[in-house]
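Here the structure comes first, spelled out in structure tokens, and everything after it is commentary.
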Protein chains: 2
Amino acid sequence: MARNGRPEPRTIGYSDVSLDILGGLLSFYARSMAIALNRDYDQAISEVELAHGHGKVSVLLMTHANPGIRPSVIAHFAQKDRSAMAKLIDQMKRQGLVEQRVDSGERRAHELYLTPRGEELVVQVRTIVQEQSDRFFAVLDRQDRADLLRILMTLYERHVTPLPANVPDRKATT
Amino acid sequence: MARNGRPEPRTIGYSDVSLDILGGLLSFYARSMAIALNRDYDQAISEVELAHGHGKVSVLLMTHANPGIRPSVIAHFAQKDRSAMAKLIDQMKRQGLVEQRVDSGERRAHELYLTPRGEELVVQVRTIVQEQSDRFFAVLDRQDRADLLRILMTLYERHVTPLPANVPDRKATT
DNA sequence: GTGCGATGATGGATGTCATCCACTATGGGG
DNA sequence: CCCCATAGTGGATGACATCCATCATCGCAC
């Protein structure tokens, strides 16, 4: 049984195989980390009704922090297709977590609000998500965690979008 | 048009929205980076017939570097379900890239070999994969790249499996 | 006022992939 | 011989990303 819950090979040793260039490839390790992180995260978040992916958590937290926010803005920060975002929000509406109103000043757009039920869930979700992240990255020392956060924020700003001004430790990298 | 090719919101500003705890959450940034990286990678790798995910590339490179390797060993390092790995290898067999033989000393297991065609593809794939990774992480300075690699390797060893002894810069972290 | 292109949201089609389960042939140990 | 574990395989299912088309709305130019 490997660290990730999958059976490990039991009839042959594998400590001397070569990973070829993968052994020194940032993208291989980055994607591998994401696989492990996703699995761990999905397990943690399945305790509440928000299983699978960051989408619902992003909607919940960002709507909480920004009542009236646009679906398209959330989609933007979460790197989610507009159409997929609409479906996700529809699901959360059916779950009784959010509600939508037409923006009176721009009737093509919607404003998102949490329901009281959604608000209750926020506290839980914050705790679960923070603990999961802390636990996953606890194998790193404090300095490495700080460096990793800084580096990942840089990558986010350069590959996704500039971070809002209110994000702590954000540096103008654009 | 945002950095990732998706339309960005055009009728409202969004530089002052709050990301709530996501703004300081390692797992959010890690997963966001992976989304961006996956997209970039998939674009690069679609130039050759290995689109989508690291699976095929891992099979190709690790079989090249370790002729006769077990599917289960590749699955182990690539964090892939056995059943999914079997389907993937079947696909690559049909593409004429690999072939399988029964391991004579352990007849439950298979040995994987590349075909001449598979071998030809290795050179291309190596170049593409290396360039994609280099390009994606080029936004970081040299020190940050080195730190990121070291940190990600630590995470791999702690969350996935110990790295083989032949991997450069590997440290015993178990 | 009208027309045109852009915008935000929505629905649909499609492909891909992970997960989980069941099964078969094989191997090792009691 | 029996039992349990192992490696590989096939199937079912659910989730999700992507891409496309559509509609209502908006802003701008003529």
Of all heavy-atom pairs between B:Val59 and B:Val98, which one has the smallest distance, and what is that distance?
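Shortest heavy-atom separation between B:Val59 and B:Val98 comes out as CG1-CG1, 4.3 Å.
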Just how far, in rounded Å, is [atom2] of [N] from [atom1] of [X]?
X	N	atom1	atom2	value
B:Arg94	D:dT9	CZ	P	12 Å
B:His110	D:dT6	NE2	P	18 Å
A:Ile12	D:dT6	CD1	C1'	13 Å
B:Arg10	C:dG8	CZ	P	8 Å
A:Asp42	C:dA18	CG	P	13 Å
B:Glu111	D:dG8	CD	P	10 Å
A:His76	C:dA9	NE2	P	13 Å
A:Arg6	C:dC21	CZ	C1'	15 Å

Quick check: does any side chain N or O of B:Tyr156 sit under 3.5 Å from a backbone N or O of B:Phe77, one acting as donor and the other as acceptor?
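Here the side-chain-to-backbone pair exists.
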Do any N or O atoms from the side chain of B:Arg145 and from the backbone of B:Leu140 form a donor-acceptor pair under 3.5 angstrom?
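Between the backbone of B:Leu140 and the side chain of B:Arg145 there is a qualifying donor-acceptor contact (under 3.5 Å).
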With B:His110, which of B:Gln100, B:Arg70, B:Glu99 fulfils side-chain hydrogen bond (donor to acceptor under 3.5 Å, both in side chains)?
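It is B:Gln100, the one option of B:Gln100, B:Arg70, B:Glu99 that forms the side-chain hydrogen bond (donor to acceptor under 3.5 Å, both in side chains) with B:His110.
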Position toward the 5' end of DNA chain C (nearest nucleotide), A:Arg39 or A:Ala109
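Nearest nucleotide further toward 5': that of A:Ala109.
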For DNA chain C, determine which residues of residues 99-108 of chain B have any heavy atom closer than 4.0 angstrom to one of its atoms, and list them numerically.
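B:Glu106, B:Arg107, B:Arg108, in order of number.
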Contact residues, residues 63-75 of chain B to DNA chain C [heavy atom, < 4.0 Å]
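DNA chain C contact set from residues 63-75 of chain B: none.
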Any side-chain heavy atom of B:Asp134 within less than 4.5 Å of one from B:Glu131?
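A side-chain contact under 4.5 Å is absent here.
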Of the residues in residues 78-90 of chain B, which ones touch DNA chain D at a heavy-atom distance under 4.0 Å?
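The stretch gives B:Arg82, B:Ser83, B:Ala86, B:Lys87 as the residues lying under 4.0 Å from the strand, ordered by number.
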Interatomic distance, A:Phe28 atom CZ to B:Ser133 atom OG [nearest 0.5 angstrom]:
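If we round to the nearest 0.5 Å, A:Phe28:CZ and B:Ser133:OG are 11.5 Å apart.
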Closer than 4.0 angstrom, basic N to acidic O: yes or no for A:Arg108 and A:Asp103?
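No salt bridge links A:Arg108 with A:Asp103.
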